[in-house]
Student: 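Right, I'll just put the structure down here and ask away after.
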Amino acid sequence: MLEVKNITKEFPGVKALDDVSIQFHTGEIHALMGENGAGKSTLMKIITGIYKPDLGEILLDGKRIEIKNYKDSINYDISMVHQEIQVIPKATVAENIVLDKIEHFKKGLSVDWKKINETASEYLQMVELEVKPTDIIENMTAAQKQLIQIAKALSANAKYILLDEPTSSLTNYEAENLFRIVRKLKEQGCCIIFVSHKIEEVMDLCDCVSVLRDGRSMGTRRMSEITRQDMVKMMIGREENIHHMGFLDVKDEVVLEARHVGKAGMFDDMNLTLRKGEILGLYGLVGSGRTEFARLLAGADPMDTGEVFIGGKKAEIRSMVDAVYKYKLGYVTENRKEEGLILPFSVLDNMTLLTLSDLTNGVGKISEKKAREETEFMIDKFSIKTPEMETVIENLSGGNQQKVSIGKWLLAGCDILIIDEPTVGVDIGAKQQIHEIIWQLARDEGKSIILISSDMTEMITLARRIIVFKDFHINGEITGLNERVYEYGEVSSMLGAAMM
Amino acid sequence: MKGNGTIKKILGRNEIPVLLATILLCIVFSFASSNFLSAYNIYNVTRTAALYMFVALSQTMVMIVGGMNVSLGYTGALCVVACGYCMQELHWGSIPTVIFALLVGMACGLLNGLIITRLHINSFVATLATQFIFKGLVTGISEGFPYTQLQPNFTALGRNKLLGLPLMLFLAVIFLVIVWYMFRFTVLGRKLLATGGNAKAARMAAVNTDNMLLIANIFSGLFAAIAGICAVSMNGAAQPTTGSDWMIYSFAVSVIGGTALAGGVISPVGIFIAGIMIVLIKNGLVMMNANIYYEQTYLGLILLVAVSLGSFSIMAREFKRRRDFIKTQKTE
């Protein structure tokens with residue numbers, strides 16, 4: 001039994017964990033749930049020795065243990081599989097599996113490759129992965145890399161395996177396979193700590209669940225004695241409500257039309273229309289081509305064939321510069337931290353990045369006053385919570401970062417917005433606010449929006465027409481959502497069918 | 001209250017430790033050597049410092065966009081040779097010579113920029129290669145000999161004074177102010193910074209990042225050329241060996257002055273102070289009769305301390321936070 005007892009951890013200005021106690025038993029799959037920022041990752045990092053707790057202790061089979069670094073945690077048979085899959089891409093499968101204990105694989109002064117490859121294939125069999133130990137990892141799928149990481153944990157004799165959001169980039173089929181392996185490990189006496197925010201998979205897979213909210217433990221419950229509603233309530237502290245947003249005033253005017261768009265190795269002959277005031281959803285799995293297609297429309301990547309018409313006229317979009325400044329088409333990227341924002345810059349600098357040229361006076365001097373006015377306007381409009389506009393954007397919460405990321409395109413006067421996974425890494429409260437913002441942009445301001453999301457609830461809440469992507473082509477289209485109120489279940493089964 | 005905030009802001013600036021260190025050095029050296037505060041020495045120190053400021057600006061321009069330029073010393077040398085050749089062999093006047101040298105520097109920068117953006121080669125590798133090209137040209141054209149027959153007025157910049165201080169220092173300050181203004185108040189400056197802050201995000205915000213890299217490299221060449229012209233003017237001759245040690249100093253002054261190696265941050269004030277500090281150290285060691293053969297070792301140690309300051313303060317803050325937190329928990 002691994003037990004954390006009265007763990008408290010404080011970061012400047014925030015108590016990430018507050019007196020948290022949880023027991024993890026072997027032979028069980030134990031879910032650890034909570035919203036973003038609830039403290040799940042911090043707790044995991046404490047268990048694996050990356051952070052030191054300010055107060056509290058960790059007990060292994062009743063004995064107090066001191067985990068000072070990652071190596072210690074491995075010595076106590078604790079292993080973690082990270083969400084951002086950490087592999088060395090240019091190395092072989094076997095090397096990745098044995099890397100943290102490579103000193104045990106020496107023959108004289110050199111490394112015993114034969115032994116390494118034999119050991120690796122043994123553990124690859126345990127996770128039922130059919131790759132050669134000598135294969136290079138680089139081009140493998142996310143699911144394969146995940147299993148390799150689990151094999152790595154097993155090869156370290158791990159009894160406690162922490163899986164951090166393991167299914168976030170897996171297809172349903174791959175996830176099912178992963179669950180099968182996880183169940184097998186449980187039978188073999190491992191304890192799997194399964195960190196996730198997907199309630200359905202947790203209910204299906206786990207034996208018990210511990211919920212964190214705002215750094216506090218909301219308790220541990222057996223899966224048999226808890227309902228989905230209970231779990232949501234534990235996570236967000238109130239009832240979940242999916243309410244119908246209403247209908248959009250979609251005009252007949254087509255603002256964007258893609259005809260026969262193709263790109264070598266990705267798409268051939270993609271067609272799409274977007275009407276004024278519409279929210280068009282692009283639904284599909286991560287990696288089904290939604291983002292890649294959106295990037296072609298936004299000029300982020302060049303298309304090889306086909307034409308795009310904007311406002312009925314043929315558009316020459318050679319770059320994002322053309323897209324924004326000539327055609328008022330903006331793209332809010334899915335990758336907020338790497339592509340959407342310049343993290344070390346202030347809110348002000350991020351917000352005005354697109355509109356710098358409009359802020360200059362006759363001699364090319366940027367007016368700080370104007371820049372502040374613009375930023376102030378957006379901060380008010382979206383109720384962005386920031387101490388001041390000079391605050392470095394890295395220090396804002398995910399939701400507020402996302403609002404800045406959307407706001408800058410509005411300042412640039414964009415009428416067509418492609419918004420890609422707007423609520424990834426955003427907590428439920430901010431998620432609703434962002435949904436409101438997107439809805440109001442379409443309904444009240446007549447913006448035309450293409451929404452990309454793999455979150456079915458989000459898709460059904462906002463989109464009034466949905467195009468389903470699969471393997472880089474359009475697999476189906478769901479219309480009529482703007483004509484009558486559909487039940488959540490009705491739309492979700494239509495989406496399921498369209499993905500077949 | 002407001003006044004307090006302003007003072008706090010000024011004291012919190014990154015340049016303050018370097019400034020304090022510089023002042024401290026001045027005090028130590030002025031006690032150690034009576035010649036240190038002589039007008040002649042001050043003139044010399046500030047003049048060399050001005051040269052290093054241009055060299056550092058050359059490096060800073062590319063560091064801003066997250067790159068580097070190891071060829072800047074030989075870019076400068078090529079401009080030096082250009083000056084000498086134009087005046088000695090072609091008998092050009094000073095003005096056309098200066099313009100030509102500036103163009104040579106910018107062309108070198110353009111070449112670097114084109115290699116980096118069009119061939120997608122890492123800036124270190126690209127400029128490592130071009131450094132040899134420039135070096136070869138310098139030796140080939142000059143055959144290793146200095147050009148001494150300059151226009152008589154060419155030394156005005158490097159040898160004249162204003163208010164007892166070298167003209168070059170004023171020129172450096174003017175350029176530092178221009179650079180400060182550019183990065184604070186112009187669209188180009190902001191876009192250059194954005195490119196260095198996060199090139200991907202800048203590209204996704206419709207910044208033509210390739211153009212920004214190109215422009216940054218041209219600026220880098222331009223400042224290397226200015227440094228070269230200053231060197232010729234100071235020395236009264238165009239020495240083809242000029243610039244061989246510039247690369248090291250360019251990094252030292254920029255980094256000590258607070259320009260982020262990762263890009264996205266610039267501090268012209270920091271460059272000014274760090275430029276003076278580096279020269280002070282060199283000069284002070286000579287004055288104190290230290291073994292100058294070890295000069296570079298001292299400089300290296302100081303550079304190391306300067307770049308570690310950030311890490312030290314983070315460690316100290318973390319330590320203090322934990323100690324305070326545990327204290328509050330115990331008293332509860």
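Note: hydrogens, waters and symmetry copies are ignored here, and every other heavy atom, side chains too, is used. Order of the sequence lines sets the chain letters (A, B, ...), proteins ahead of strands, with each chain counted from 1.
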Student: Is a side-chain donor-acceptor pair under 3.5 Å present for B:Q59 with B:S220?
Tutor: no
Student: Side chain, backbone, both or neither: which part of A:T360 has a heavy atom under 4.5 Å from chain B?
Tutor: side chain
Student: Relative to chain A, which segment of B:L188 carries a heavy atom at a distance below 4.5 Å: side chain, backbone, both, or neither?
Tutor: neither
Student: Considering only heavy atoms and a distance below 4.5 Å, find which of A:A300, A:G330, A:G340 pairs most often with chain B.
Tutor: A:A300
Student: What part of A:V324 gets closer than 4.5 Å to chain B, counting heavy atoms only: side chain, backbone, both or neither?
Tutor: side chain
Student: Name the region of A:I342, side chain, backbone, both or neither, that has any atom closer than 4.5 Å to a heavy atom of chain B.
Tutor: both
Student: Classify the ring geometry of B:F175 against B:F54: parallel below 30°, tilted from 30° to 60°, perpendicular beyond 60°.
Tutor: perpendicular
Student: Test side-chain contact (heavy atoms from CB on, under 4.5 Å) on B:T127 and B:N69; report intermediate values, then the result.
Tutor: CA-CA 6 Å; B:T127 55; B:N69 181 0; 3.6 Å; yes
Student: Tell me, side chain or backbone of A:R336 under 4.5 Å from chain B's heavy atoms, or both, or neither?
Tutor: neither
Student: Should A:V347 and A:E390 be marked as a side-chain contact (heavy atoms from CB on, under 4.5 Å) after you check the CA-CA gap, both sets of side-chain angles, and the distance that decides it?
Tutor: CA-CA 6 Å; A:V347 173; A:E390 284 81 9; over 6 Å; no
Student: Rounded to the nearest 0.5 Å, what separation is found between the CD1 atom of B:I273 and the CG atom of B:L19?
Tutor: 4.5 Å
Student: Answer yes or no: is there a donor N or O on one side and an acceptor on the other, between the side chain of A:D72 and the main chain of A:K68, under 3.5 Å?
Tutor: yes
Student: Within this structure, what is the OG-CH2 distance for the pair B:S267 and B:W180, rounded to the nearest 0.5 Å?
Tutor: 12.0 Å
Student: Write down the atom of A:Q402, the atom of A:V332, and the distance for their closest heavy-atom approach.
Tutor: NE2-CG1, 4.3 Å
Student: So how far is it from B:S123 OG to B:N217 CG, rounded to the nearest 0.5 Å?
Tutor: 7.5 Å
Student: Using non-hydrogen atoms only, which part of A:K408 is less than 4.5 Å away from chain B: side chain, backbone, both, or neither?
Tutor: side chain
Student: For residues 412-422 of chain A, give me every residue with a non-hydrogen atom less than 4.5 Å from any non-hydrogen atom of chain B.
Tutor: none
